[in-house]
Every structure is written in C-alpha cells, then in structure tokens.
Amino acid sequence: MYRFKRKMLVLKYALGQEKDETKEMLAIYGRYTRRKASSEEMKIANDQFLDLLKGLGMGVFAVLPFAPITIPVMIKLSRLVGVEILPSSFHEDNAEKLKKQSKKKAQLPAPNKSKD
C-alpha cells in the first residue's frame, strides 16, 4: 500500500510540473507574438511543446485495451532503443527530487499547538 501511495505522489508531482511548464510555454509563445521572447526562452518553450506531444501520444495508448500491459512494455522497448517517449517530468530524477522533498518535510519539527 505504501508503494502505491508513493507512486501516486510521484505521478501527482510530475503532472503538476507538466502543468506549470505548459503555462510557462504558453506565456513565452504569447511574448513571442509580440516579439519580446529571447531565443533561450523559445528553446525552453519548444522543448515543452515536444513534451506535450509526447504526453498526448501516450494518452492515445491509455485508452486502448490492455494499456496496463502495453504502455510499460513500450516504455522499456523505447529505452532499449534509446528513445524517451515519456515527458521530461516523468523521468527518474524528478522522482528523486520528490523523495528528498518528502524527507525534508518529515524532518521539520511539528508546529506547537499550545493554548496560550
């Protein structure tokens, strides 16, 4: 049960990060239409757009029968070939960041709830 909860927290974190990055991407594209975006910002926005397309591609397979079997197999095969089909926020380094954040929260002292 603990493993499932941890995986759901990692998924929640990854989806939240994707949402934030997509908002930033849209803001950069908005600035680009007014010719106020730098080339570095455009590279960030274009990378996020590619991540968004990867997520949409995986979404198509999620509605197919046997998705719990086919999606992990596709991910493993793509990594063997050297292609990453998951968006960047779903990579293992982000899972490690979440673990570090949860450990920091656990180490913080509990707030004192004394009645004065």
Side-chain angles (χ1 to χ4, degrees):
M1 190 63 173
Y2 175 73
R3 227 161 88 186
F4 176 74
K5 188 175 181 179
R6 185 171 46 100
K7 287 187 180 201
M8 289 295 106
L9 287 173
V10 169
L11 178 64
K12 179 183 172 185
Y13 174 76
L15 290 174
Q17 183 178 354
E18 276 297 314
K19 182 182 93 171
D20 293 340
E21 290 174 356
T22 302
K23 284 182 179 181
E24 181 183 0
M25 175 195 74
L26 292 173
I28 291 171
Y29 284 151
R31 286 195 304 272
Y32 176 75
T33 60
R34 295 184 304 270
R35 300 185 187 267
K36 295 182 179 179
S38 68
S39 61
E40 295 87 21
E41 288 177 325
M42 286 305 297
K43 182 176 178 351
I44 291 169
N46 290 337
D47 289 343
Q48 176 57 28
F49 184 68
L50 290 175
D51 274 354
L52 191 63
L53 292 177
K54 287 179 184 179
L56 291 174
M58 291 302 293
V60 170
F61 291 105
V63 298
L64 294 176
F66 304 109
I69 298 169
T70 57
I71 290 175
V73 169
M74 287 177 31
I75 293 169
K76 287 285 188 186
L77 289 176
S78 70
R79 288 183 179 161
L80 287 175
V81 176
V83 177
E84 188 59 51
I85 61 174
L86 288 177
S88 61
S89 61
F90 287 86
H91 293 182
E92 294 297 322
D93 58 338
N94 289 323
E96 294 299 320
K97 288 180 189 176
L98 180 65
K99 287 179 187 177
K100 288 178 183 177
Q101 287 177 352
S102 64
K103 285 181 182 178
K104 286 181 183 177
K105 287 181 181 178
Q107 292 174 354
L108 292 176
N112 191 359
K113 294 184 179 181
S114 63
K115 293 182 182 180
D116 292 325

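These numbers come from a predicted model, not from an experiment. When reading the values below, keep in mind they use all heavy atoms of this one structure, side chains included, and skip hydrogens, waters and symmetry mates.
Of all the heavy atoms in Pro72 and Ala67, the pair that sits closest is CD-O, 3.8 Å.
The hydrophobic clustering, which links ILVMFWY residues whose side-chain heavy atoms are closer than 4.5 Å, places Leu64 and Ile69 apart. Grouping the Ile, Leu, Val, Met, Phe, Trp and Tyr side chains by contacts below 4.5 angstrom, directly or via other members, places Leu53 apart from Met74. A chain of hydrophobic side-chain contacts below 4.5 Å, direct or via other Ile, Leu, Val, Met, Phe, Trp or Tyr residues, connects Leu15 to Ile75. No chain of hydrophobic side-chain contacts below 4.5 Å, direct or via other Ile, Leu, Val, Met, Phe, Trp or Tyr residues, connects Leu86 to Leu50. In terms of hydrophobic clustering, with Ile, Leu, Val, Met, Phe, Trp and Tyr side chains grouped at heavy-atom distances under 4.5 Å, Ile85 and Val81 are assigned to a common cluster.
Summarising the local packing, OH of Tyr29 is surrounded by more than 12 heavy atoms from other residues, nucleotides or ligands at distances under 6.0 Å.
Here CG of Asp51 is found 11.5 Å from CG of Asn46. Values are rounded to the nearest 0.5 Å. Atom CE of residue Met25 and atom OH of residue Tyr32 lie 14.5 Å apart, to the nearest 0.5 angstrom. Separating the CG atom in Leu9 from the CZ atom in Phe4 is a distance of 10.0 Å, to the nearest 0.5 Å. We find the CD-CG distance between Glu21 and Leu52 to be 10.5 Å, quoted to the nearest 0.5 Å. Summarising the geometry, atom OH belonging to Tyr2 is positioned 6.0 Å from atom CZ belonging to Arg6; distances are rounded to the nearest 0.5 Å.
The side-chain heavy atoms of Lys19 and Lys23, taken from C-beta on, include a pair separated by under 4.5 Å. With a 4.5 Å cut-off on side-chain heavy atoms, Gln48 and Ile28 do not count as touching. By the 4.5 Å heavy-atom criterion applied to side chains, Ser88 and Glu18 are counted as neighbours.
No donor-acceptor contact under 3.5 angstrom links the side chains of Glu84 and Ser78, judged on distance only.
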